[in-house]
Amino acid sequence: MSIHLAQTEVPSASQKPASPAEFPLWQLTIVGALSLWLYWRTLAHLALQWWRDPDFSHGFLVPLFSAYIVWRKRAQIARIFPQPSWSGLAVLLGGIFLLLVGEMGAELFLARSSLLLLLAGLTILYLGWNFFRALLFPWAFLLLMIPVPTILFNKITFPLQLLASRVAAAVLPIFGVPVLREGNIINLSSMALEVAEACSGIRSLMSLLALAIMYGYLMDARSWVRWTLAISAVPIAVIANAIRVIGTGLLVQYWDPEKAEGYFHESWGWLTFVLSLLMLYLLHMIIRWRWPSEAEAS
């Protein structure tokens, strides 16, 4: 009888810690309410920029896609045993500090980026580093929903403008269009074309990068292919916008200079983005043809 009692006491002495579902509801409610109170103004301004600025309208898709990744990996995540870590509190406080700095300095990028640190800190604090590692990709993907800071935008834009103008100035003479380039200004016989920010490729780059990552994740399981598609978004955006400048130059030379402005000029932006997506798809088709996956090869 005593042996039987000893055997039944062993499991009770080695009970597992509470699972995430067993965390007190009041704790989760308080944490959620405080987080919403801290970030409601930041999130409202961010969503408003997504709505008003077409260059960052992909921001609506980013959190939805991150949530889809988590849902898709739900079976793998459910097998991870939670190991809460107090180190998450340091990450959490770091996020709140970054929010305060961003709010006081009117730096939107810092204030918005601090939300990612807050989410990371809460995950580590309640679930542990093993959970956070499993959620690292959807967490990092959320960074693409935040518009790039103005100082970085200006640093990148002008070199891309010069690159697009150099390519256009080198290609247009092949089609019989005389040009004289002065920086990002391309002087044609009938008018001068300025390679503005919209023609640099930086405006479409963030949206194209986000879509390239989504496309790679959904369409190919190989990591190196996903990385290739994501990295290729940069040269594809530059090439597509150089084609935009070349097309505008041909339009001015052989049709009507007035067509380079107004509706036709605005339409070039959408056509350029569609061209970028087609180039991305063509690159993936070439990779699949040249290096087929094991499933396709069999």
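Under the 4.5 Å side-chain criterion, counting only non-hydrogen atoms from C-beta, Leu92 is in contact with Leu89. Residues Pro178 and Leu188 fail the side-chain proximity criterion, which asks for heavy atoms closer than 4.5 Å. A 4.5 Å side-chain heavy-atom check between Leu127 and Phe132 finds every atom pair outside the cut-off. Between Leu125 and Pro84 there is no side-chain heavy-atom pair separated by less than 4.5 Å. Taking the side chain as every heavy atom from C-beta outward, Leu209 and Val234 never approach each other to under 4.5 Å. For the pair Met279/His284, no side-chain contact is recorded, criterion being any heavy-atom separation below 4.5 Å from C-beta on. The shortest distance between side-chain heavy atoms of Leu229 and Arg226 does not fall below 4.5 Å. Inter-residue side-chain proximity for Phe273 and Ser207 is flagged as met; some heavy-atom pair is nearer than 4.5 Å.
Scored by the side chain to side chain donor-acceptor pair (under 3.5 Å) test, Asn187 finds Glu182 as partners (sequence neighbours excluded). Residues that satisfy the side chain to side chain contact (heavy atoms under 4.5 Å, CB included) test with Ala134, not counting sequence neighbours, are Ile80. Under the ring pair (Phe, Tyr, Trp, His ring centres under 6.0 Å) criterion, His58 pairs with no residue, sequence neighbours left out. For Trp51, the side chain to side chain donor-acceptor pair (under 3.5 Å) test picks out no residue, with sequence neighbours left out. Taking the side chain to side chain donor-acceptor pair (under 3.5 Å) definition, one finds that Tyr217 meets it with nothing, sequence neighbours left out. The ring pair (Phe, Tyr, Trp, His ring centres under 6.0 Å) check on Phe60 picks up Trp50, with sequence neighbours excluded. Ser276 is linked by a side chain to side chain donor-acceptor pair (under 3.5 Å) to nothing, counting only residues two or more places apart in sequence or in another chain.
Leu172 and Ile246 make their closest contact through CD2-O, 3.5 Å (heavy atoms, listed as atom of the first residue, atom of the second, distance). Scanning both residues, Met214 and Leu61, for their nearest heavy atoms gives CE-CB, 3.8 Å. Between Ile186 and Ala168, the closest heavy-atom pair is CD1-CB, 3.7 Å. When all heavy atoms of Ser66 and Pro138 are compared, the closest pair comes out as OG-O, 2.9 Å.
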For residues 108-120, please give each side-chain donor-acceptor pair under 3.5 Å, one per line with the distance, not counting sequence neighbours.
{"unit_1": "Arg112", "atom_1": "NH1", "unit_2": "Gln49", "atom_2": "OE1", "d": "2.9"}
{"unit_1": "Arg112", "atom_1": "NH2", "unit_2": "Gln49", "atom_2": "OE1", "d": "3.2"}
{"unit_1": "Ser113", "atom_1": "OG", "unit_2": "Phe109", "atom_2": "O", "d": "2.7"}
{"unit_1": "Ser114", "atom_1": "OG", "unit_2": "Tyr39", "atom_2": "OH", "d": "2.8"}
{"unit_1": "Ser114", "atom_1": "OG", "unit_2": "Ala111", "atom_2": "O", "d": "2.5"}

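Leu218 is connected to Phe141 through a chain of hydrophobic side-chain contacts under 4.5 Å among Ile, Leu, Val, Met, Phe, Trp and Tyr, so both are in one cluster. A chain of hydrophobic side-chain contacts below 4.5 Å, direct or via other Ile, Leu, Val, Met, Phe, Trp or Tyr residues, connects Leu43 to Leu144. Grouping the Ile, Leu, Val, Met, Phe, Trp and Tyr side chains by contacts below 4.5 angstrom, directly or via other members, places Leu180 apart from Leu250. Taking hydrophobic clusters as Ile, Leu, Val, Met, Phe, Trp and Tyr residues chained together by side-chain heavy-atom distances below 4.5 Å, Leu36 does not share a cluster with Ile30. Tracing side-chain contacts under 4.5 Å through hydrophobic residues (I, L, V, M, F, W, Y), one never reaches Leu282 starting from Leu277; they form parts of separate clusters.
Atoms CE and CZ, on Met145 and Phe65 in that order, are 15.0 Å from each other to the nearest 0.5 Å. Atom CD1 of Ile239 is separated from atom OG1 of Thr272 by 13.0 Å, given to the nearest 0.5 angstrom. To the nearest 0.5 Å, the span separating CG on Leu208 from CD1 on Ile213 amounts to 10.0 Å. Rounding to the nearest 0.5 Å places CG of Leu122 at 10.0 Å from CG of Leu34. Here the CD1 atom belonging to Ile236 is positioned 5.0 Å from the CG atom belonging to Leu280, to the nearest 0.5 angstrom. With values rounded to the nearest 0.5 angstrom, Leu160 atom CG is found 8.0 Å from Leu205 atom CG.
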*Could you go through the side chain to side chain contact (heavy atoms under 4.5 Å, CB included) check for Trp224 and Ile287 one step at a time?*
CA-CA 11 Å; Trp224 73 271; Ile287 292 175; 3.7 Å; yes

*Going through the checks in order, is the side chain to side chain contact (heavy atoms under 4.5 Å, CB included) test met by Ile286 and Tyr281?*
CA-CA 9 Å; Ile286 293 174; Tyr281 176 76; over 6 Å; no

_Candidate pair Phe131 and Tyr126, rule side chain to side chain contact (heavy atoms under 4.5 Å, CB included), full reasoning_ = CA-CA 9 Å; Phe131 256 84; Tyr126 279 93; over 6 Å; no

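The side chain to side chain donor-acceptor pair (under 3.5 Å) contacts involving residues 72-97 comprise Ser85-Ser87, Ser87-Trp129, where partners must be two or more places apart or lie in separate chains. Residue pairs satisfying the side chain to side chain donor-acceptor pair (under 3.5 Å) criterion with at least one member in residues 164-181, sequence neighbours excluded, are absent. Contacts classified as side chain to side chain donor-acceptor pair (under 3.5 Å) and involving residues 131-143 (residues at least two apart or in different chains) are not found. Evaluation of the side chain to side chain donor-acceptor pair (under 3.5 Å) test over residues 95-106, restricted to residues two or more places apart or in two chains, returns Thr42-Glu103.
Under a cut-off of 6.0 angstrom, the local environment of CH2 in Trp37 is sparse, with at most 12 non-hydrogen atoms contributed by other residues, nucleotides or ligands.
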